Amino acid sequence: MIKNTKAQRWTGLISGLILNAFGNALTISANMGSAVWTASAVNYSHWFNVNVGMILFFIGLLNAITNQILLKYLDWPRFIGEVLYVCFFSYFVNIFVQGFELLGVGQLPIVVRGILACLGIIFFCTAISLYQRANLLMHPNDDTTNILRFMYLKKSAVAAQLIDFVPPIIAMIISFAMTKNLYAVNVGTIFSILFNGLIIQTADRYVWPKLKHNFKVLGNDDQ
């Protein structure tokens with residue numbers, strides 16, 4: 001149900017979008033392991049020799065379709081919004097990656113880069129908490145965890161994140177079996193698997209707690 005004003009929700013969305021792009025760009029530039037879905041995209045990019053952006057877009061599209069199935073009804077505005085989010089998100093990631101490259105993040109000592117990768121994950125998990133609560137527009141994968149959390153898993157962010165990790169992990173196992181190579185998996189990936197859900201749940205409580213979960217259900221048209 002809708003619990004915040006439109007202004008509050010848009011603030012949560014915009015701040016979450018920028019922070020999400022910033023955190024993901026930091027993990028990419030640090031080159032010490034990406035989030036699980038991103039890592040799976042990198043591996044399939046190498047396997048099929050296709051631009052990673054195309055793989056990420058395809059994954060996002062599959063996530064958006066999956067969400068319609070999980071919702072058990074067609075929500076076209078939600079579907080279109082999720083695809084639009086992927087486009088905006090990619091644009092901001094590119095900007096931040098270029099900035100981090102200019103700062104020489106990729107040339108820092110390995111320990112520092114490992115810390116930055118984990119910090120990037122904390123940033124984007126906090127971002128996910130913000131725009132999931134705002135629930136206006138979000139990455140389709142994050143909407144998947146939101147739907148799982150509130151419709152199937154008794155509001156547990158940790159359980160939702162763990163279930164959401166299953167498909168990309170299976171995808172990477174298949175990729176590794178076929179290519180005998182594994183890319184974009186390092187300390188940051190392990191940190192993401194272990195703590196994503198916990199960080200999101202903690203951010204829900206301590207980062208702008210007045211922004212509530214505005215989770216829309218069928219028949220709730222209060223926008």
Side-chain angles (χ1 to χ4, degrees), residues 11-46 50-61 63 81-134 136-145 161 164-165 168 172 182-197 199-200 202-203 207-208:
T11 300
L13 167 63
I14 295 170
S15 59
L17 171 61
I18 295 173
L19 188 60
N20 190 20
F22 181 89
N24 273 278
L26 187 57
T27 64
I28 292 169
S29 300
N31 195 28
M32 287 296 291
S34 302
V36 180
W37 280 98
T38 304
S40 68
V42 171
N43 279 277
Y44 276 76
S45 173
H46 283 280
V50 177
N51 183 280
V52 69
M54 293 296 295
I55 300 293
L56 284 171
F57 181 81
F58 180 71
I59 289 173
L61 183 61
N63 283 145
E82 289 173 357
V83 175
L84 286 174
Y85 184 95
V86 173
C87 297
F88 284 111
F89 170 72
S90 301
Y91 174 76
F92 283 113
V93 167
N94 286 334
I95 291 176
F96 285 125
V97 166
Q98 291 172 10
F100 288 135
E101 287 177 352
L102 289 175
L103 292 173
V105 170
Q107 284 70 53
L108 293 172
I110 189 170
V111 175
V112 176
R113 289 190 288 115
I115 293 172
L116 289 177
C118 293
L119 187 60
I121 289 164
I122 292 173
F123 284 146
F124 74 64
C125 285
T126 302
I128 292 169
S129 167
L130 288 170
Y131 63 67
Q132 278 187 337
R133 281 181 278 160
L136 286 167
L137 202 69
M138 67 181 77
H139 192 286
N141 179 243
D142 298 320
D143 195 26
T144 303
T145 60
Q161 284 291 317
D164 185 61
F165 286 150
M172 283 191 285
L182 191 62
Y183 303 95
V185 176
N186 208 309
V187 62
T189 313
I190 297 171
F191 184 83
S192 177
I193 292 172
L194 293 176
F195 297 112
N196 258 37
I199 295 169
I200 293 170
T202 302
V207 180
W208 195 7

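The shown structure was predicted, so the numbers you read here are calculated from the model rather than taken from an experiment. Atom set for the values below is all heavy atoms of this structure, side chains included, hydrogens, waters and symmetry mates excluded. Along the sequence shown, residues are numbered consecutively beginning with 1.
Here the SG-CZ distance, from Cys118 to Phe195, works out to 9.0 Å after rounding to the nearest 0.5 Å. Expressed to the nearest 0.5 Å, how far CG of Leu116 lies from CD1 of Ile121 amounts to 11.5 Å. The CZ atom of Arg133 lies 12.0 Å from the CD1 atom of Ile128; values are rounded to the nearest 0.5 Å. Interatomic distance, Asn186 CG to Ser192 OG, rounded to the nearest 0.5 Å: 12.5 Å. The CG atom of Asn43 lies 11.5 Å from the OG1 atom of Thr38; values are rounded to the nearest 0.5 Å. In this structure, Ile18 CD1 and Leu13 CG are separated by 9.5 Å, a value rounded to the nearest 0.5 Å.
The side chain to side chain donor-acceptor pair (under 3.5 Å) search around Asp143 returns Arg78, not counting sequence neighbours.
Using modelled atom types, no side-chain atom of Ser29 and backbone atom of Glu101 make a donor-acceptor pair closer than 3.5 Å. In this structure a side-chain-to-backbone donor-acceptor pair under 3.5 Å is present from Ser45 to Val50. Listed for the Asp164 side chain is no donor-acceptor partner under 3.5 Å among the backbone atoms of Thr145. Side chain of Arg113 to backbone of Gln107: no donor-acceptor contact under 3.5 angstrom is found. Remark: side-chain polar atoms of Thr27 are not paired, donor with acceptor, to backbone N or O of Gly33 under 3.5 angstrom. No donor-acceptor pair closer than 3.5 Å links the side chain of Ser129 to the backbone N or O of Cys125.
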**Chi angles and distances behind the side-chain contact (heavy atoms from CB on, under 4.5 Å) call for Gln132, Met138** = CA-CA 7 Å; Gln132 278 187 337; Met138 67 181 77; 3.9 Å; yes

**Request:** Might you work through the side-chain contact (heavy atoms from CB on, under 4.5 Å) test for Glu82 and Leu137, ending with a clear yes or no?
**Result:** CA-CA 6 Å; Glu82 289 173 357; Leu137 202 69; over 6 Å; no

**Request:** Using the side chain to side chain donor-acceptor pair (under 3.5 Å) rule, take Trp37 and Asn63 through it: C-alpha gap first, then chi angles, then the decisive distance, then the call.
**Result:** CA-CA 11 Å; Trp37 280 98; Asn63 283 145; 5.6 Å; no

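The minimum heavy-atom distance linking Leu130 with Ser15 is given by the pair CD1-OG, 3.8 Å. Of all the heavy atoms in Thr189 and Ala184, the pair that sits closest is OG1-O, 3.2 Å. In terms of heavy-atom proximity, Pro140 sits nearest to Gly60 at CG-O, 3.2 Å. Looking at every heavy atom in both residues, Gly114 comes nearest to Val187 through CA-CG1, 4.1 Å. The two atoms that bring Tyr44 and Met172 nearest to each other are CE1-N, 4.5 Å, heavy atoms only. Between Ala127 and Gly16, the shortest heavy-atom distance links the atoms CB-O, 3.1 Å.
For Ile110, the CD1 atom sits in a loose shell: 12 or fewer heavy atoms of surrounding residues, nucleotides or ligands are nearer than 6.0 Å.
Contact of the Ile200 side chain with the Gln161 side chain is registered, since non-hydrogen atoms from C-beta on lie closer than 4.5 Å. No side-chain heavy atom of Asp142 sits under 4.5 Å from any side-chain heavy atom of Phe124. Between Val83 and Phe57 there is a side-chain heavy-atom pair separated by less than 4.5 Å. Between Tyr131 and Leu136 there is no side-chain heavy-atom pair separated by less than 4.5 Å.
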Compile the donor-acceptor pairs under 3.5 Å between side chains in residues 85-98 and protein atoms, sequence neighbours left out, one pair per line.
from: Tyr85; atom 1: OH; to: Asn20; atom 2: ND2; distance (Å): 3.2
from: Ser90; atom 1: OG; to: Val86; atom 2: O; distance (Å): 2.8
from: Asn94; atom 1: ND2; to: Ser90; atom 2: O; distance (Å): 3.3

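Taking the ring centroids of Phe22 and Phe100, they lie under the 6.0 Å cut-off.
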